[in-house]
Amino acid sequence: MTTRWSRKDLLGLRELSVDEINLVLDTADAFKQVGTREIKKVPALRGKTLVNFFVEPSTRTRTSFELAAFRLSADVINISAATSSLSKGETLKDTAKILEANHVDIIVLRHGSAGAAQFLAERVRSSVINAGDGAHEHPTQGLLDTYTIREKKKRIEGLNVAIIGDILFSRVARSNIFALTKLGARVTLVGPSTLLPRDFEKLGVTISYDIDEVLPTADVVNLLRIQHERQRKEYFPGIGEYIKLFGLTKERAKLLKPDCLIMHPGPINRGVEIDSELADGNQSVILDQVTNGLAVRMAVLYLCGGIAA
């Protein structure tokens, strides 16, 4: 039986079924071909209006959604917190209602507070896509990472995936965990104990504080950015110590299998999470992630946009 998409919103991957995740990935397969054409547009969302509402800044994610919407022939409006009425004291709910009164079909929301996307989705008829909410989830990043692994490895089930770094504050880590474990991967989280509480084991993952023990069996390593903007100093021992204990240096990379994929959601702190040469090396799929992010976001906008009121 063919899976049909029935969700108005994409708020996170925790609530998605395996079939729904696979539907997004399969739809992204079809849209990836659009990028190879001379005319890189399809009329799938012609007549629809999308608002990129980024209360928290992120040039990469906003640009990816904007390009995805343009390629689907949607009209796009970009709004940041600094240029919106939020800076004048207007509430998120009121801003969203104003947008809806202007017949906006899709709102892509990036917000520093966990649960902001769900709050919005419950109060508007427009489709709401979560582009990252606090330290909760970043569903399209989780989907594009999963898509990249599936594309390169031809499967997800049975793979050993190591997610390394700032787990506690990472919405990327959470979305990756939900998608990958549902699709049958074995996920190991690695990082300093201050940034990797044992509570994460409840999500069906393994926890390790020794990167050198994990790397030799990994099929994929996903290195997370150290998020200084979300941390207090007591969580973090210092850049030098972090590199020594958890950085993917050239010497440490010798532990990896030759076909192990090296991933990073970006932006990269070169020389911190990963050595610069490794980021640009043969095992790196970081640029593939960027390309695949466009296809995945086209798929999400297409699926949710088709439900939009």
Side-chain angles (χ1 to χ4, degrees), residues 135 141-142 145-146 148-150 152-228 230-231 234-266 268-286 289:
Q141 183 69 48
D145 289 346
T146 302
T148 302
I149 295 169
R150 190 179 81 161
K152 298 296 182 182
K153 292 291 188 180
K154 308 304 179 189
R155 64 189 175 98
I156 299 293
E157 189 171 4
L159 293 178
N160 292 318
V161 180
I163 303 176
I164 300 167
D166 178 357
I167 308 295
L168 179 62
F169 293 95
S170 177
R171 51 196 171 206
V172 173
R174 288 167 175 80
S175 288
N176 268 270
I177 289 166
F178 297 138
L180 293 170
T181 54
K182 284 179 182 183
L183 296 179
R186 294 184 288 268
V187 176
T188 301
L189 306 180
V190 185
S193 58
T194 51
L195 296 174
L196 181 50
R198 285 284 175 186
D199 283 354
F200 276 91
E201 290 177 326
K202 297 173 183 176
L203 301 180
V205 302
T206 301
I207 285 177
S208 175
Y209 303 111
D210 184 351
I211 187 173
D212 297 323
E213 179 183 76
V214 172
L215 292 182
T217 58
D219 298 300
V220 180
V221 293
N222 199 347
L223 302 148
L224 302 176
R225 182 174 66 87
I226 296 302
Q227 301 185 64
H228 300 288
R230 296 189 196 282
Q231 297 174 0
E234 62 264 29
Y235 283 108
F236 198 65
I239 294 296
E241 187 176 352
Y242 182 87
I243 295 169
K244 181 180 177 182
L245 294 175
F246 298 102
L248 189 62
T249 61
K250 283 189 284 187
E251 188 61 31
R252 185 166 271 144
K254 294 176 183 177
L255 297 171
L256 296 174
K257 294 188 285 188
D259 63 345
C260 179
L261 303 181
I262 296 174
M263 307 180 72
H264 194 299
I268 305 168
N269 291 312
R270 287 176 179 264
V272 180
E273 302 103 21
I274 182 171
D275 179 85
S276 193
E277 285 186 33
L278 296 174
D280 300 325
N282 293 332
Q283 288 178 266
S284 171
V285 294
I286 294 171
Q289 289 172 266

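Predicted model, so just to flag it, every value in this text is computed and none were measured. Just so it is clear, the values below take in all heavy atoms, side chains as well, and ignore hydrogens, waters and symmetry mates.
Of all heavy-atom pairs spanning Q289 and H264, the tightest one is OE1-N, 3.0 Å. The minimum heavy-atom distance between T188 and S208, with the atom names listed, is CG2-CB, 4.2 Å. Considering every non-hydrogen atom in both A135 and F169, the closest pair reads CB-O, 3.7 Å. The minimum heavy-atom distance between G142 and S175, with the atom names listed, is CA-CB, 4.0 Å. Across all their heavy atoms, D212 and L255 have their closest contact at OD1-CD1, 3.5 Å. Residues F200 and R174 share a closest heavy-atom pair of CZ-NH2, 3.5 Å.
At a threshold of 4.5 Å between non-hydrogen side-chain atoms, the residues P265 and R225 do not count as touching. L215 is listed as a side-chain neighbour of I164, based on a closest heavy-atom distance under 4.5 Å. Under the 4.5 Å side-chain criterion, counting only non-hydrogen atoms from C-beta, R186 is not in contact with T206. Considering only heavy atoms from C-beta on, I156 comes within 4.5 Å of L180 through its side chain. No side-chain heavy atom of E273 sits less than 4.5 Å from a side-chain heavy atom of L224. Looking at heavy atoms from C-beta onward, I177 lies in side-chain contact with L189 at the 4.5 angstrom threshold. In this structure, the side chains of C260 and V221 come closer than 4.5 Å at one or more pairs of heavy atoms. Under the 4.5 Å side-chain criterion, counting only non-hydrogen atoms from C-beta, V220 is not in contact with D145.
Atom CG of residue L261 and atom CD1 of residue I286 lie 11.0 Å apart, to the nearest 0.5 angstrom. Considering CD1 of I207 and CG of D199, their distance stands at 8.0 Å, rounded to 0.5 Å. Within the model, atoms CD1 of I262 and CG of L278 stand 5.0 Å from one another, a figure rounded to the nearest 0.5 Å. Between N176 atom CG and S170 atom OG the span is 8.0 Å, to the nearest 0.5 Å. Residue R198 holds its CZ atom at 13.0 Å from NZ of K202, rounded to the nearest 0.5 Å.
The backbone N or O of P192 lies less than 3.5 Å from no partner atom in the side chain of Y242, so there is not a single donor-acceptor pair. The backbone N or O of V214 sits less than 3.5 Å from a side-chain atom of T217, completing a donor-acceptor pair. Checking side-chain atoms of D219 against main-chain N and O of N160 turns up a donor-acceptor pair under 3.5 Å. Under a 3.5 Å cut-off, the side chain of S284 and the backbone N or O of A279 do form a donor-acceptor pair.
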Full working for side chain to side chain contact (heavy atoms under 4.5 Å, CB included) between I149 and M263
CA-CA 9 Å; I149 295 169; M263 307 180 72; 3.6 Å; yes
When you look at F178 and L203, which way does the side chain to side chain contact (heavy atoms under 4.5 Å, CB included) test go after all the steps?
CA-CA 8 Å; F178 297 138; L203 301 180; 3.9 Å; yes
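Heavy-atom contacts from other residues, nucleotides or ligands closer than 6.0 Å to CG of N282 number 12 or fewer. No more than 12 heavy atoms of other residues, nucleotides or ligands lie within 6.0 Å of NZ in K244, so this atom counts as exposed by the packing criterion.
A salt bridge is defined here as a Lys NZ or Arg NE, NH1 or NH2 lying under 4.0 Å from an Asp or Glu carboxylate O, and R270 with D280 meets this definition. Ion pairing between K152 and D259 fails under the 4.0 Å rule for side-chain N and carboxylate O.
Here the options are I226, I243, L223, the test is side chain to side chain contact (heavy atoms under 4.5 Å, CB included), and the partner is N269; only I226 passes.
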